[in-house]
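Contents: one structure, followed by commentary.
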Amino acid sequence: MSDEFPRGSPVQPTFHLRTTDGHGTDLRGTHAEEPEPAPSTLQHPTATCGTERRFQLNQETLLFDPAPPEPNALKAVLAFPSTYSVGITSLGYQIVWATLAQRSDVDVRRLFTDQGDPLPRRIDLFGLSLSWELDGPVLPELLQNQRIPVWSVERSDEDPIVFGGGPVLTANPEPLAPFFDAVLLGDGELLLPAFIDALQQCRNAPRQERLRLLSQVPGVYVPSLYLPRYDSDGSLLAVEPVETGIPALVEKQTWRGSTLSHSTVVTPDAAWPDIHMVEVVRSCPELCRFCLASYLTLPFRTSSLDDGLIPAVEKGLGATKRLGLLGASVTQHPQFAELLRWLDQDRFDGTRVSISSVRASTVTPELGRILSKRGSRSLTIAIESGSERMRQVVNKKLTTEAIQEAASHAKNGGLTGLKLYGMVGLPTETDEDVQATGDLLLNLKKGTPGLRFTLGVSTFVPKAQTPFQWQGVRPEAEKRLKRLAKTLRSKGIDFRPESYGWSVIQALLSRSDRRLAPVIAAVGEGRNSMGSWKKTYRAALNGELEPMPGPELPAPPPWAEVIQEEWSASRTLPWTHLRGPLAPERLRDHHDLALSHS
């Protein structure tokens with residue numbers, strides 16, 4: 001298994017992390033030789049053993065003290081739309097679970113697609129942690145398996161409140177909005193406790209009154225209290241509150257404390273066995289124009305070395321000898337060199353340290369030496385493109401010389417591999433730009449003999465709340481992936497492309513509005529098939545799907561309009577009523593500045 005952290009698709013043979021796609025604290029796997037990635041398939045959870053009041057799975061070591069639930073505690077289920085192995089390696093999921101489990105007024109059980117804790121007969125609260133678009137369509141089946149009405153408007157006072165959170169839902173929850181009663185937008189450190197406190201205060205009120213009260217909590221979006229308005233052609237005009245007193249704009253919440261998150265559980269059955277993850281930074285100061293991890297989580301924040309990072313590492317190393325340092329750009333922590341020197345002490349001999357993607361200009365022989373000493377074999381940097389022009393377009397402030405120096409420093413420090421990440425299909429990209437990526441890899445291999453090179457390449461997918469949200473997926477990206485494969489594999493470069501087809505479905509889920517919800521509900525287990533998505537979407541265009549309950553909505557836009565077309569600045573975006581860290585006008589300025597380099 002490689003030394004890098006995971007990202008990418010739900011196929012799980014090999015894992016790594018690409019924080020520039022917005023998954024800085026979440027796990028996914030990808031492998032070029034595996035079948036096209038597809039969303040998770042549900043299995044009925046098996047019965048598991050547990051403690052008397054709180055449950056543990058799979059040889060778990062807890063790094064927190066759960067509170068015994070009170071007799072009248074809220075009965076909560078926290079679901080993850082993938083297997084236990086993947087879900088328990090999501091730092092975000094771990095934190096939400098631990099936050100709830102430390103409250104005596106909440107009795108929380110976990111649910112994965114292959115197993116879970118024993119579930120209560122009656123559920124008050126059903127939560128979903130979602131950090132990747134292709135996991136979202138699992139939700140209707142999860143709800144059906146718990147006998148919860150799929151559509152929010154069909155739930156009664158006796159049904160649980162269904163809530164969700166995570167970067168996908170914070171960026172654009174609209175395709176899944178009709179399935180949720182509440183969506184938590186932003187960082188959970190303060191938002192989740194505020195949500196639970198508000199729910200406790202109104203738990204015995206009628207359902208609609210509970211939803212109205214929850215909508216008053218900053219950062220809590222209640223989709224049923226908002227209605228999209230369309231013109232006669234089916235173009236979205238606005239998403240507006242259905243009654244007075246409901247906020248017209250719901251703003252993402254931001255944690256500004258001096259400490260960030262770390263693992264709350266260690267288990268050998270995680271995709272990365274026995275790993276203790278520590279979040280070093282949140283967001284990224286570089287602001288690559290496509291990057292959800294940068295823009296959605298602004299401002300850039302760092303964990304205090306003495307009050308946050310060192311205590312978190314010490315706590316985890318009491319349970320394991322495997323440490324992972326997470327963040328979109330961990331080496332840009334202002335005290336990262338001090339943290340590295342601290343980990344260089346003899347008392348950490350036998351500890352294996354891995355770090356997520358680092359900025360190329362921060363790679364030094366000292367970094368390579370200490371990582372090699374601590375069991376790492378390779379390093380990961382995101383280059384996006386071998387073309388200087390394309391790196392200017394996406395605001396990747398990185399020179400070819402810096403990339404070459406990073407490779408040299410990695411080798412001189414004792415590492416044996418360098419993993420690079422790039423994209424194809426970026427706005428204004430040409431065949432010459434793609435060729436420059438191939439040339440760069442070949443030159444790196446020639447100039448750094450003995451260093452093993454891996455290039456992971458994804459297709460650009462527009463993400464809501466980023467400057468490139470107005471851009472579309474470029475069909476020529478598929479051929480460009482094949483062209484790079486032909487150029488590099490014969491020269492000994494380990495080339496790992498992500499599926500172009502599933503990037504298209506990511507874009508569909510990233511850019512759509514509520515009109516996609518009937519498609520998600522209808523595609524069902526066909527979500528594993530590209531053909532099923534296209535067939536079901538055609539049925540929606542032709543009015544052949546069973547409509548979702550509630551006000552009638554027009555047919556969705558044409559497939560190509562959602563996925564491939566560049567949208568004008570005047571277009572009303574599906575997430576227009578939700579506000580991320582930067583206003584749309586500011587994002588558009590960054591978009592226009594990027595394209596001025598073309």
Side-chain angles (χ1 to χ4, degrees), residues 1-6 15-17 19 24-25 27 61 63 89 91 94-95 258-268 270 272-282 284 300-381 405-419:
M1 190 173 282
S2 72
D3 297 299
E4 314 311 328
F5 287 109
F15 296 95
H16 52 282
L17 175 75
T19 53
T25 57
L27 172 91
T61 300
L63 302 181
T89 320
L91 184 54
Q94 287 191 24
I95 297 303
S258 63
T259 61
L260 299 176
S261 59
H262 63 82
S263 289
T264 59
V265 58
V266 173
T267 172
W272 277 78
D274 293 316
I275 195 165
H276 175 61
M277 298 173 287
V278 176
E279 187 182 13
V280 177
V281 300
R282 191 171 296 180
C284 176
F300 178 63
R301 287 150 289 164
T302 62
S303 184
S304 165
L305 179 65
D306 294 326
D307 298 331
L309 293 179
I310 289 178
V313 171
E314 294 274 23
K315 188 172 187 177
L317 294 185
T320 182
K321 291 297 184 182
R322 189 167 189 189
L323 173 67
L325 303 178
L326 297 185
S329 188
V330 293
T331 51
Q332 287 184 273
H333 189 292
Q335 295 175 292
F336 186 79
E338 295 176 48
L339 175 64
L340 207 60
R341 286 193 292 271
W342 181 73
L343 290 170
D344 194 29
Q345 298 176 80
D346 291 343
R347 70 186 182 99
F348 294 114
D349 287 350
T351 299
R352 183 176 177 184
V353 179
S354 300
I355 63 175
S356 56
S357 180
V358 303
R359 183 164 171 76
S361 59
T362 64
V363 178
T364 63
E366 182 76 352
L367 173 67
R369 180 189 67 79
I370 296 176
L371 288 179
S372 177
K373 179 181 177 181
R374 293 289 169 252
S376 285
R377 296 183 296 274
S378 60
L379 196 64
T380 299
I381 60 175
E405 288 178 1
S408 177
H409 292 333
K411 180 184 177 183
N412 292 339
L415 297 173
T416 59
L418 185 65
K419 185 175 294 182

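In this text the structure is predicted, and so the values were computed from the model without any measurement.
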Inset, instruction - Identify the heavy atoms of V358 and I355 that sit nearest to each other, and give their distance. - result: CG1-CD1, 3.3 Å
Inset, instruction - Applying salt bridge (Lys or Arg N to Asp or Glu O under 4.0 Å), name anything that partners R374, two or more places apart in sequence or on another chain. - result: D349
Inset, instruction - List in chain and number order the residues that pass salt bridge (Lys or Arg N to Asp or Glu O under 4.0 Å) with E405, two or more places apart in sequence or in another chain; answer none if no residue qualifies. - result: none
Legend entry - Nearest-0.5 Å distance, CG of residue L91 to CG of residue L260: 10.0 Å
Inset, instruction - Quick one: list whatever passes side-chain contact (heavy atoms from CB on, under 4.5 Å) with A319, sequence neighbours left out. - result: T61, L63
Legend entry - For S372, all residues meeting side-chain contact (heavy atoms from CB on, under 4.5 Å), sequence neighbours excluded: L415
Inset, instruction - Locate the shortest heavy-atom distance separating S261 from E279; write the atom from each residue and the value. - result: OG-OE1, 2.7 Å
Legend entry - Qualifying residues under ring-ring contact (aromatic ring centres under 6.0 Å, His included), relative to F348, sequence neighbours excluded: W342
Side-chain donor-acceptor pairs of residues 304-314 under 3.5 Å, sequence neighbours excluded:
from	atom 1	to	atom 2	distance (Å)
S304	OG	D307	N	3.1
E314	OE2	R347	NH2	2.7

Legend entry - Side-chain donor/acceptor of T320 to backbone N/O of I275, under 3.5 Å: no
Legend entry - Backbone of A270 reached by a side-chain donor or acceptor of T89 within 3.5 Å: no
Legend entry - Residues which pass side-chain contact (heavy atoms from CB on, under 4.5 Å) with V281, listed by chain and number, not counting sequence neighbours: F300, T302, H333
Inset, instruction - Give a yes or no answer on whether the side chain of S356 reaches the backbone of L326 with a donor-acceptor pair at less than 3.5 Å. - result: no
Legend entry - For N412, side-chain contact (heavy atoms from CB on, under 4.5 Å) partners two or more places apart: S408
Legend entry - Atom pair CZ/CZ of R301 and R282 - distance to nearest 0.5 Å: 5.5 Å
Inset, instruction - Please name the pair of heavy atoms, one in S354 and one in S376, separated by the smallest distance, quoted to 0.1 Å. - result: CA-OG, 3.8 Å
Legend entry - Residue list, salt bridge (Lys or Arg N to Asp or Glu O under 4.0 Å) with K321, at least two apart or on another chain: none
Legend entry - Residues forming a side-chain hydrogen bond (donor to acceptor under 3.5 Å, both in side chains) with R369, sequence neighbours excluded: D344, E366
Inset, instruction - Could you pull out all residues at least two apart from T331 that satisfy side-chain hydrogen bond (donor to acceptor under 3.5 Å, both in side chains)? - result: T362
